[in-house]
2 protein chains.
Amino acid sequence: MPRVQPRYKAIRSYLEEAIRNREFVADQQIPTEMALAERFGVSRMTANKAIAELVAEGYLVRHQGLGTFVAEVRAESPLLEIRNIADEIRDRRHVHSSELHRLEAVAVDAPTALRLGVREGQQAFHSLIVHRENGIPIQLEERFVRPEIAPDYLQQRFEDKTPSQYLSELYPLSEMEHIVEAILPDTETSKLLEIDTTEPCLRVDRRTWSDQKLVSCARLIHPGSRYRLSSRG
Amino acid sequence: MPRVQPRYKAIRSYLEEAIRNREFVADQQIPTEMALAERFGVSRMTANKAIAELVAEGYLVRHQGLGTFVAEVRAESPLLEIRNIADEIRDRRHVHSSELHRLEAVAVDAPTALRLGVREGQQAFHSLIVHRENGIPIQLEERFVRPEIAPDYLQQRFEDKTPSQYLSELYPLSEMEHIVEAILPDTETSKLLEIDTTEPCLRVDRRTWSDQKLVSCARLIHPGSRYRLSSRG
DNA sequence: TTGTTTTAAATGTATATACAAATATATACA
DNA sequence: TGTATATATTTGTATATACATTTAAAACAA
């Protein structure tokens with residue numbers, strides 16, 4: 001009978017699973033090659049192969065003499081380095097502040113339902129936040145989350161933790177999608193961002209997944225004059 | 001005496017070099033594990049390790065029973081899937097056409113010099129092309145190239161081959177940088193793209209490198225109503 | 001000619017082994 | 001106490017080997 005799955009893949013899956021489930025958290029040491037080899041009844045080189053793949057994909061880092069550790073941030077998005085607006089601002093040594101304008105359960109409309117993978121009219125949690133850099137609005141973040149994903153979403157205050165941070169602590173993100181367009185803001189948006197309705201904006205529609213599961217949809221709107229996306233890779 | 005470099009790395013470097021130099025071109029089979037092992041006087045598993053790394057990084061693909069081949073497009077840019085505007089349009093089963101508005105040698109101004117890594121006032125080749133999808137302008141491509149990179153640049157007609165295609169045939173691209181902003185077009189741009197000056201546009205500044213060497217700078221402007229960038233990874 | 005079977009070639013997986021190199025800890029010594 | 005030194009642990013590199021699996025081509029049969 002042919003083996004259904006190579007042995008190293010079983011080990012790989014076990015490690016992936018454990019990282020996803022936060023059994024192993026960032027910077028934590030995972031079992032040594034020898035330990036894994038013994039536990040799974042394979043040779044050291046087989047365990048090595050499983051680990052090597054995860055290292056190549058950026059999930060793990062290894063230090064000779066020390067061990068193997070869960071990677072810090074998961075270098076997952078060389079795509080658009082929007083990551084966390086709060087961190088990004090702090091990296092520039094500027095002050096981040098935010099106002100929570102809305103936080104509620106809503107019945108989703110048709111386009112949102114499609115993006116969120118639910119049926120039209122179903123309930124979803126909705127948040128609307130303006131992020132400021134040194135007091136100046138630079139991002140309007142509108143987000144939809146499926147209730148079963150984050151039941152306590154509406155109880156958050158999102159003051160020192162952005163929705164993005166909150167969700168990524170619940171679900172390590174494994175995939176993301178970005179759609180970028182240039183738009184003119186509608187009246188409400190221009191008011192919230194304190195810009196003119198003739199000022200072009202970048203609109204980024206971002207969806208994030210954790211282990212095949214859609215975590216949330218966000219629409220991020222940035223004034224063109226105050227923001228740009230960059231990537232290098 | 002300690003070995004300066006692991007043996008598998010020597011093999012890896014050899015393969016990388018050969019791919020960069022177009023000794024092995026896309027889809028071409030590279031030497032088998034056994035052949036590499038013999039040539040470098042190592043065991044098959046050592047050759048395997050070199051190949052496995054390049055496969056993990058997307059430079060090579062392997063097919064059991066067949067061999068190892070240079071990867072199609074180099075999955076290098078999971079960042080922004082702008083790739084080739086002509087291919088992109090054809091993938092949508094639409095008609096691509098383009099007009100060459102300018103093709104000349106110019107003395108670069110200060111900001112361009114900075115981006116291109118030359119001194120202000122030095123000569124560079126400059127092209128300005130409008131790309132159309134089914135007759136409608138969707139991209140204004142302005143490009144600067146250092147003369148020593150592509151001495152025959154000004155002799156091209158860029159009819160069935162875009163500058164991007166032309167350059168990527170000369171230099172396999174190894175890295176790229178994107179900066180995306182939302183802008184309002186100036187008068188010349190709006191005229192060329194046949195849009196109103198109040199229509200927001202995506203401006204993508206893209207620089208590409210081949211083996212550490214800057215190949216070209218391009219500024220791509222898309223009407224916001226007719227284009228969007230997307231990425232998933 | 002057409003279809004089937006065999007064979008060779010190439011990668012895929014797995015083991016057992018060996019020694020090197022880096023690191024932290026324990027130990028011995030001054 | 002502080003400083004070398006030895007030791008154990010862990011990863012890094014490398015080999016030789018074995019058999020499985022996939023594919024294409026060659027040989028064969030109808």
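Chain identifiers are assigned alphabetically (A, B, ...) following the order of the sequence lines, protein sequences preceding nucleic acid strands; residue numbering begins at 1 within each chain.
- We find that CZ of B:R7 is positioned 7 Å from C1' of D:dA14, with the value rounded to whole Å.
- If you check residues 35-43 of chain B against DNA chain C, you find no residue with a heavy atom closer than 4.0 Å.
- Between B:E53 and B:K49 there is no salt bridge, since no side-chain nitrogen of the basic residue lies less than 4.0 Å from a carboxylate oxygen of the acidic one.
- Looking only at side-chain heavy atoms (C-beta outward), B:P163 and B:Q156 stay at 4.5 Å or farther from each other.
- Atom P of nucleotide D:dT11 and atom NE2 of A:H63 are separated by 11 Å, given to the nearest angstrom.
- Checking side-chain atoms of B:E33 against main-chain N and O of B:T68 turns up no donor-acceptor pair under 3.5 Å.
- For the pair B:Q29 CD and C:dT11 C1', the interatomic distance rounds to 11 Å; values are reported in whole Å.
- Distance CG (A:N48) to P (C:dA14): 13 Å, rounded to an integer number of Å.
- Within 6.0 Å of the CD atom in B:Q155, the count of heavy atoms belonging to other residues, nucleotides or ligands exceeds 12.
- Remark on DNA chain C: of its neighbouring residues B:R62 and A:G65, the 5'-side contact belongs to B:R62, judged by nearest-heavy-atom nucleotide.
- Computed from coordinates, the A:R44 CZ to D:dT10 C1' distance equals 8 Å when rounded to whole Å.
- In terms of phosphate contacts, A:T68 brings a side-chain nitrogen or oxygen within less than 4.0 Å of OP1 or OP2 of D:dT11.
- A donor-acceptor pair is defined here as one N or O able to donate and one able to accept, closer than 3.5 Å; no such pair exists between the side chain of B:R44 and the backbone of B:A37.
- The CD-P distance, from B:E33 to C:dG12, rounds to 7 Å in whole Å.
- Listed pair A:K49 / C:dA14 fails the phosphate criterion, with no side-chain N or O lying under 4.0 Å from OP1 or OP2.
- In this structure, the nucleotide among C:dA21, C:dT11, D:dT13 sitting nearest to the side chain of B:T32 is C:dT11.
- Checked by atom type and distance alone, the side chain of B:R207 pairs as donor or acceptor with a backbone atom of B:R115 at under 3.5 Å.
- Side-chain N or O atoms of B:S210 include none that pairs as donor or acceptor with a backbone N or O of B:K213 at under 3.5 Å.
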Dot-bracket encoding of pairs in DNA chain C, which uses [ ] for pseudoknotted crossings and | for another strand, Watson-Crick or G-U under 3.5 angstrom: ||||||||||||||||||||||||||||||

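- For the pair A:Q64 CD and D:dA14 C1', the computed distance is 14 Å after rounding to whole Å.
- Taking the six-membered ring where the residue is Trp, A:Y153 and A:F125 present parallel rings, their angle staying beneath 30° rather than reaching 60°.
- Nearest heavy atom pair, residue B:A50 against residue B:R12, reads CB-N, 3.8 Å.
- Nucleotide D:dC19 holds its C1' atom 13 Å from the CE atom of B:M45, rounded to whole Å.
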